[in-house]
Amino acid sequence: MAFNKRVKIKSLLESDFVGQEVTLMGWVRTKRSNKNVSFVALNDGSTINNYQVVADPNIIDEETLKRITTGACIKISGQIVASQGSGQNSEIAASSITILGEADPEKYPLQPKKHSLEFLREIAHLRMRTNTFGAVFRVRHALAYAVHKYFNDKGFFYIHTPIITASDTEGAGETFKVTTLDLKNPPLNEDGSINYKEDFFERETNLTVSGQLEGELAAMALAEIYTFGPTFRAENSNTTRHLAEFWMIEPEMAFYDAEDNQDLAEDFLQYVIGYALEHCKDDLAFLDKRATDEEQGKKADQRSEMGLLDRLRFVTENKFERITYTAAIDILRNSNPNKKKKFQYLIEEWGADLQSEHERFLVEKHFKKPVILTDYPKEIKAFYMRQNDDGKTVAAMDILFPGIGEIVGGSQREERMDRLTQRMDEMHIPQEEMWWYLDTRRFGATPHAGFGLGFERLVQFVTGMGNIRDVIAFPRTPGNAEF
RNA sequence: UCCUCCUUAGCUCAGUUGGUUAGAGCACAUGACUGUUAAUCAUGGGGUCCUAGGUUCAAGCCCUAGAGGGGGAGCCA
């Protein structure tokens, strides 16, 4: 007989099992006992809700009851009965309990109490057993599924772009080197530089910083594609919204201009957030309450006006604000914090790069909703962005969300060969290495566009978690690759 | 990488102008309790006060350096 004949708590709570004999398996959250009866709160991961196990010491032997401690994994067989207590409708009256795995209560670090996120981060191998992280990772799953569902339903194709690549042409940051060479004794050229001809790929390689360029190649054949894969950046960033290893979603579409691109990004974000609202009600209700409790500890002026659920609904129900970089500069230049010199970096003239304090002002104070900023100066954007007719700006877009800043960065791509190569020359990007990219402009070029979305930042927004390290199971950051 | 704050029991934290034996809540153990909801009540065990050096009659507290962590900034998604 197969071992796994269990009923999940999620299904137990969704329909009426009273009178049925079932088997449950899961982890003990708490046990409450007196002389006549023991109550166990059981969680099996299928839902944030626990299920009450009632153990009668006349039926379950004392030794077994003693080994049921917080964190232990147990198997319970028994009948589902209407509960005599008030906290739940039904419960299981255990006829037998098997200890699958003990958890020494003296050593098990998780207690039925509130732990700090910093402490839980140090025990990331166990933290998924908490309500908060269980909820976060169920929501993360729902969002990942919604991403695939959205694009699939729209006729996009999922492309797997390479994780090991020889190109660092996007200039999106420092890369992790990939090599099989002996680091203590690498083969050298006559001039003393490392001879990568001896390396595994016979050239210098690194982990991908973006699948965009390969995505563009696919879009020039399949028309509408997306990637959803790991991305690696060796930047020494120590913030609540940067990881060295993160997951990025990059749609790339032929026959899309800048406006089509913005429409897609907005619709996409509203869809996946709406999907989570519909399918993660219990988890989001818990996270909403959690976020509200967190807010209590903050100063009045730091608190957000809306709760988590209100914020999510607001984003799905209201159109994003769309303004050009030029218009944003005007707003910022005339803003109170700029006039009163409250900004650390004052906005004086067109062309300045926006600092996060400026982005936050626009999103959180001025518009109070997600903002799509478009048409940036070409000097502060990448070479592949399509040049506008004004000769000064490119068809870029950044989508800014409250609390987390930039969640999407994208653009219409430069499909005109002469403009593209001219810009590459200006930015000292070698064309020889990019021959394959330029071929798409040589053969059957068409207007196209795309964007990149940081998946963890999306999960942060939907779960209300303040630190990006708390929305990925095992975060990689400078100085930390544990687990 | 820069700025800033923090490090005291398994966890969360208190610890006065430097002063005798370093505290609380939770957790844990034992006992009590006829159905509990992070049960309750009683009793008990539990400390490299981050590390190294220094000042002092005396350091958890002051000084110097280091380690680890948090927040902010830059870079970006």
Side-chain angles (χ1 to χ4, degrees), chain A residues 28-41 49-58 66 69-71 81-88 91 93 103-123 130-131 170-174 209-212 230-250 265 298 302 343-345 353-357 359-360 380-382 398-401 404-410 451-461 466-470 472 477-480 482:
Chain A
V28 175
R29 287 294 176 77
T30 63
K31 182 180 69 172
R32 297 174 290 272
S33 300
N34 61 41
K35 198 187 284 178
N36 303 289
V37 64
S38 284
F39 301 95
V40 178
N49 299 298
N50 297 333
Y51 199 72
Q52 176 151 290
V53 178
V54 183
D56 183 337
N58 296 318
K66 213 172 171 182
T69 58
T70 299
V81 297
S83 179
Q84 297 173 35
S86 58
Q88 57 283 315
E91 61 198 19
D104 182 346
E106 285 285 350
K107 296 185 180 137
Y108 185 63
L110 292 173
Q111 305 150 25
K113 60 163 279 190
K114 193 170 155 57
H115 291 281
S116 70
L117 294 174
E118 292 79 10
F119 170 68
L120 292 171
R121 225 169 274 153
E122 289 170 15
I123 51 166
T130 63
N131 285 335
E170 209 215 344
E174 293 293 311
V209 292
S210 165
Q212 181 200 315
T231 308
F232 307 88
R233 297 195 182 166
E235 291 288 348
N236 192 7
S237 298
N238 283 291
T239 77
T240 54
R241 53 192 187 285
H242 286 87
L243 292 165
E245 176 184 284
F246 64 100
W247 289 70
M248 188 154 64
I249 296 148
E250 294 179 289
K298 292 186 187 168
Q302 305 255 325
F343 282 143
Q344 201 180 340
Y345 297 89
D353 211 347
L354 299 182
Q355 307 294 318
S356 59
E357 60 181 342
E359 296 179 351
R360 292 185 72 127
I380 59 176
K381 288 293 180 183
D398 282 359
I399 302 185
L400 310 177
F401 264 35
I404 48 181
E406 186 177 345
I407 194 167
V408 162
F451 60 85
L453 176 134
F455 184 58
E456 282 76 14
R457 290 190 181 172
L458 175 66
V459 182
Q460 264 190 288
F461 181 74
N467 193 318
I468 201 165
R469 293 163 200 156
D470 296 330
I472 188 167
T477 52
N480 194 348
E482 188 70 283

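Residue numbers start from 1 in every chain, and the chains themselves are labelled A, B, ... in the order their sequence lines are given, proteins ahead of strands.
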Point to revise | Partners meeting side-chain contact (heavy atoms from CB on, under 4.5 Å) with A/E357 (sequence neighbours left out) | key: A/F343, A/Q344, A/Y345, A/Q355
Point to revise | For the student: nearest non-hydrogen atoms of A/N34 and A/N36, plus distance | key: OD1-N, 2.8 Å
**Study point:** salt bridge (charged side-chain N to carboxylate O under 4.0 Å, His left out) against A/K35, all qualifying residues, sequence neighbours excluded
**Key:** none
Practice item. Specify the residue among A/V54 and A/G466 whose closest nucleotide of RNA chain B lies further upstream toward the 5′ end. Key: A/V54
Study note, to complete from the structure: By ring-ring contact (aromatic ring centres under 6.0 Å, His included), A/F451 pairs with (sequence neighbours left out) none
Check: residues 50-57 of chain A side-chain donor-acceptor pairs under 3.5 Å, at least two apart:
{"from": "A/N50", "atom 1": "OD1", "to": "A/N43", "atom 2": "ND2", "distance (Å)": "3.0"}
{"from": "A/Y51", "atom 1": "OH", "to": "A/S90", "atom 2": "OG", "distance (Å)": "2.6"}
{"from": "A/Y51", "atom 1": "OH", "to": "A/E91", "atom 2": "N", "distance (Å)": "3.2"}
{"from": "A/Q52", "atom 1": "OE1", "to": "A/R32", "atom 2": "NH2", "distance (Å)": "3.4"}
{"from": "A/Q52", "atom 1": "NE2", "to": "A/E91", "atom 2": "OE1", "distance (Å)": "3.1"}
{"from": "A/D56", "atom 1": "OD1", "to": "A/N58", "atom 2": "N", "distance (Å)": "2.8"}
{"from": "A/D56", "atom 1": "OD1", "to": "A/N58", "atom 2": "ND2", "distance (Å)": "3.3"}

Practice item. Pick the C1' atom in B/A27 and in B/G44, then give their distance to the nearest Å. Key: 14 Å
Study note, to complete from the structure: From the candidates B/U34, B/G35, B/G70, the one with an atom nearest any side-chain atom of A/K35 is B/U34
Review point. What distance, rounded to whole Å, do you find between the two C1' atoms, one in B/A59 and one in B/C49?
Key: 11 Å
Can you list, pair by pair, the side-chain donor-acceptor contacts under 3.5 Å of residues 238-249 of chain A, counting residues two or more places apart and other chains?
{"from": "A/N238", "atom 1": "ND2", "to": "A/N236", "atom 2": "OD1", "distance (Å)": "3.4"}
{"from": "A/T239", "atom 1": "OG1", "to": "A/R241", "atom 2": "N", "distance (Å)": "3.0"}
{"from": "A/T239", "atom 1": "OG1", "to": "A/H242", "atom 2": "N", "distance (Å)": "3.2"}
{"from": "A/T239", "atom 1": "OG1", "to": "A/H242", "atom 2": "ND1", "distance (Å)": "2.6"}

Review point. Which heavy-atom pair separates A/T231 from A/V209 by the least distance, and what is that distance?
Key: CG2-O, 3.2 Å
Restricting both atoms to N or O, compile the protein contacts to nucleotides 26-31 of chain B shorter than 3.5 Å, with distance only.
{"from": "B/C28", "atom 1": "O2'", "to": "A/E106", "atom 2": "OE2", "distance (Å)": "2.1"}

Check your understanding: When the distance from CG of A/N467 to C1' of B/G72 is rounded to whole Å, what number comes out?
Key -> 13 Å
**Study point:** side-chain hydrogen bond (donor to acceptor under 3.5 Å, both in side chains) contacts touching residues 113-122 of chain A (sequence neighbours left out)
**Key:** A/R121-A/D470
Exercise for review: Assess whether one donor atom and one acceptor atom, taken from the side chain of A/E91 and the base of B/U37, lie less than 3.5 Å apart.
Suggested key: no
**Study point:** 4.5 Å side-chain heavy-atom contact, A/N480 and A/R469
**Key:** no
Practice item. Please confirm whether any donor atom in the side chain of A/N238 sits under 3.5 Å from an acceptor in the base of B/U1, or the reverse. Key: yes
Exercise for review: Please confirm whether any donor atom in the side chain of A/S237 sits under 3.5 Å from an acceptor in the base of B/C76, or the reverse.
Suggested key: no
**Study point:** Atom P, compared across B/C61 and B/U55: separation rounded to whole Å
**Key:** 15 Å
Check your understanding: How many Å lie between CZ on A/F119 and P on B/U7, as a whole number?
Key -> 17 Å
Point to revise | Rounded distance [0.5 Å steps], CG in A/D353 versus CD1 in A/I380 | key: 4.0 Å
Exercise for review: For A/R360, check salt bridge (charged side-chain N to carboxylate O under 4.0 Å, His left out) against everything at least two apart and list the hits.
Suggested key: A/E364
Check your understanding: Considering all heavy atoms of both residues, which atom of A/Q88 and which atom of A/S83 are nearest to each other, and what is their separation?
Key -> NE2-OG, 3.0 Å
Practice item. Answer yes or no: does a side-chain N or O of A/R32 lie under 4.0 Å from OP1 or OP2 of B/A39? Key: yes
Practice item. For A/L354 and B/C75, give me the distance from atom CG to atom P, rounded to whole Å. Key: 10 Å
**Study point:** Whole-Å C1' distance, B/G15 and B/U7
**Key:** 15 Å
Point to revise | Whole-angstrom distance between B/A22 and B/U16, as gauged at atom P | key: 15 Å
Exercise for review: List in chain and number order the residues that pass side-chain contact (heavy atoms from CB on, under 4.5 Å) with A/P112, two or more places apart in sequence or in another chain; answer none if no residue qualifies.
Suggested key: A/T30, A/T70
Check your understanding: Hey, which of these two, A/E357 or A/L243, hits RNA chain B nearer its 5' end, going by closest nucleotide?
Key -> A/E357
**Study point:** B/U36 OP1/OP2 closer than 4.0 Å to side-chain N/O of A/N36
**Key:** no
Check your understanding: Which part of the nucleic acid, if any, lies within contact of A/S116, taking any heavy atom under 4.0 Å across all strands shown: a base, the sugar-phosphate backbone alone, or nothing?
Key -> sugar-phosphate
Check your understanding: Counting side-chain heavy atoms from C-beta on, which of B/G71, B/U36, B/G35 comes nearest to A/Q84?
Key -> B/G35
Point to revise | Watson-Crick or G-U stems involving RNA chain B, each at least 3 pairs long, distances under 3.5 Å, ordered by first number | key: B:1-7 with B:67-73, B:10-13 with B:23-26, B:28-32 with B:40-44, B:50-54 with B:62-66
Practice item. With C1' as the reference atom in both, quote the distance from B/G10 to B/C28 in angstrom, rounded to an integer. Key: 9 Å
Study note, to complete from the structure: Of the candidates B/A73, B/G70, B/U37, the side chain of A/S356 sits closest to B/A73
Check your understanding: Checking all strands, does A/R241 fall into the base, sugar-phosphate, or nothing category for heavy-atom contacts under 4.0 angstrom?
Key -> base
Review point. What is the distance, rounded to the nearest whole Å, between atom CD of A/E482 and atom C1' of B/G69?
Key: 15 Å
Check your understanding: When we call it a touch if two heavy atoms are under 4.0 Å apart, what does A/Q88 touch: a base, just sugar-phosphate, or nothing?
Key -> base
Practice item. Could you please name the option among B/C11, B/A73, B/G70 that lies closest to any side-chain atom of A/H115? Key: B/C11
Check your understanding: How would you label the contact of A/Q52 with the nucleic acid (heavy atoms, under 4.0 Å): base, sugar-phosphate, or nothing?
Key -> base
Check your understanding: When you check the phosphate oxygens OP1 and OP2 of B/G35, does a side-chain N or O of A/N34 lie under 4.0 Å from one of them?
Key -> yes
Practice item. Could you work out the separation of B/A9 and B/U48 based on their P atoms and round it to a whole Å? Key: 8 Å
Exercise for review: Using the C1' atom as the reference point in each nucleotide, state the distance between B/U30 and B/G70 in Å, no decimals.
Suggested key: 39 Å
Exercise for review: Ignoring the backbone of A/T30, work out which of B/G35, B/C75, B/A38 is nearest its side chain.
Suggested key: B/A38
Review point. With sequence neighbours excluded, what pairs up with A/K31 under the salt bridge (charged side-chain N to carboxylate O under 4.0 Å, His left out) test?
Key: none
Exercise for review: Give a yes/no answer on whether the side chain of A/R469 brings an N or O atom under 4.0 Å of OP1 or OP2 in B/G70.
Suggested key: yes
Exercise for review: Round to the nearest Å and state the distance from A/D353 atom CG to B/G74 atom C1'.
Suggested key: 11 Å
Revision key, fill the gap. Rounded to whole Å, the CD-C1' distance (A/Q344 to B/U4) equals 13 Å
Check your understanding: Could you walk me through whether A/K381 and A/D398 pass the salt bridge (charged side-chain N to carboxylate O under 4.0 Å, His left out) check?
Key -> CA-CA 11 Å; A/K381 288 293 180 183; A/D398 282 359; 3.2 Å; yes
Using the 3.5 Å cut-off, write out each protein N or O paired with an N or O of nucleotides 40-43 of chain B and the distance between them.
none

Review point. In terms of side-chain heavy atoms of A/T239, which of B/G74, B/A39, B/G71 is nearest?
Key: B/G74
Exercise for review: Answer with base, sugar-phosphate or nothing: what part of the nucleic acid does A/F39 contact at a heavy-atom distance below 4.0 Å?
Suggested key: base
